[in-house]
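What follows is a single structure, written as C-alpha cells, with notes after it.
Keep in mind that this is a model prediction, so the values were computed, not measured. Residues: numbered from 1 along the sequence shown.
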Amino acid sequence: MPAIISKITKSSPLKKYNIQSGDFLLSINGNNIDDFLDFSFYLNSDEKFINFEFKKNKENRYFSAKIKNIYSGNFGIELQDFKVMQCGNKCIFCFCDQH
C-alpha cells in the first residue's frame with residue numbers, strides 16, 4: 001500500500017502541486033514508497049532532481065513532480081505512521097513487535 005501523506009508544510013516546494021493530507025506518495029525516483037523507511041531512504045539521494053509520483057485521494061488522479069534536490073532530504077511532507085506488525089522470528093534487524 002502506498003504511503004499516505006499526513007502533513008505538508010507551508011514552505012514545502014511540493015505545495016504548488018496542491019498536495020494535501022490524505023494524498024498518496026507512490027514513488028520517489030521510480031522506487032515504490034510503502035512507509036517512512038522507504039521515504040527516508042530514497043530522499044537521501046545524490047541525484048540532481050527528485051522525481052515524486054503522487055495520487056490525489058479525492059480526485060483519483062495521478063501526477064508527478066520533479067524538484068531540484070537542494071532541500072537536504074526535507075521536502076516538507078510527513079507521512080502517516082506505519083503500522084507495527086507482529087511476528088515470532090526475533091530477527092535482530094526487524095521493526096516488528098516480536099511476540
Side-chain angles (χ1 to χ4, degrees):
M1 180 171 179
I4 301 171
I5 297 170
S6 64
K7 182 180 179 183
I8 182 162
T9 64
K10 291 179 182 178
S11 61
S12 172
L14 295 163
K15 191 78 171 170
K16 67 182 177 183
Y17 294 95
N18 197 28
I19 296 168
Q20 299 174 343
S21 178
D23 291 345
F24 299 96
L25 173 59
L26 303 176
S27 69
I28 295 175
N29 290 340
N31 300 289
N32 290 342
I33 305 300
D34 295 320
D35 56 37
F36 177 77
L37 298 173
D38 293 338
F39 178 69
S40 296
F41 181 78
Y42 291 115
L43 272 186
N44 289 312
S45 169
D46 293 335
E47 299 290 326
K48 189 172 183 175
F49 290 91
I50 303 289
N51 294 298
F52 296 90
E53 295 288 331
F54 295 98
K55 178 181 175 244
K56 295 293 289 175
N57 183 24
K58 297 182 182 191
E59 300 170 22
N60 202 24
R61 180 176 55 97
Y62 297 83
F63 66 98
S64 60
K66 184 176 182 179
I67 307 290
K68 193 166 186 175
N69 191 7
I70 59 172
Y71 298 95
S72 301
N74 182 2
F75 286 81
I77 56 176
E78 295 178 16
L79 303 180
Q80 285 184 355
D81 293 335
F82 64 94
K83 295 182 179 162
V84 176
M85 301 180 316
Q86 291 187 351
C87 128
N89 291 336
K90 301 194 184 314
C91 302
I92 60 172
F93 55 84
C94 189
F95 293 97
C96 291
D97 187 9
Q98 300 175 358
H99 291 280

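Under the 4.5 Å side-chain contact rule for hydrophobic residues, F36 and F52 share a cluster.
A 4.5 Å side-chain heavy-atom check between I5 and S21 finds every atom pair outside the cut-off. The closest side-chain heavy-atom distance from L26 to F54 is not below 4.5 Å. I67 has its side chain within reach of Y17: a pair of non-hydrogen atoms, C-beta onward, lies under 4.5 Å apart. Contact check for F63 versus N18: no side-chain heavy atoms found under the 4.5 Å cut-off. Taking the side chain as every heavy atom from C-beta outward, N69 and F49 never approach each other to under 4.5 Å. When side chains are defined from C-beta on, D38 does not count as touching N32, because their heavy atoms never get closer than 4.5 Å.
The distance from atom OG of S27 to atom NZ of K55, rounded to the nearest 0.5 Å, is 14.0 Å. Remark: I28 CD1 to F75 CZ distance equals 8.0 Å, nearest 0.5 Å. Between the NZ atom in K15 and the CD atom in Q20 there is a gap of 8.0 Å [rounded to 0.5 Å]. The CG atom of L79 sits 6.0 Å away from the CD1 atom of I77 when rounded to the nearest 0.5 Å. Atom NZ of K66 and atom CG of N51 lie 6.0 Å apart (nearest 0.5 Å). Distance CD/E53 to CG/N29: 10.0 Å, rounded to 0.5 Å.
Shown are I19, I50, L25; of these, the side chain to side chain contact (heavy atoms under 4.5 Å, CB included) with L14 is made only by I19.
Considering all non-hydrogen atoms of both residues, G76 and S12 come closest at O-CB, 3.7 Å. Between P13 and K16, the shortest heavy-atom distance links the atoms O-CG, 3.8 Å.
Looking at N44, its side chain does come within 3.5 Å of a backbone N or O of S40 through a donor-acceptor pair.
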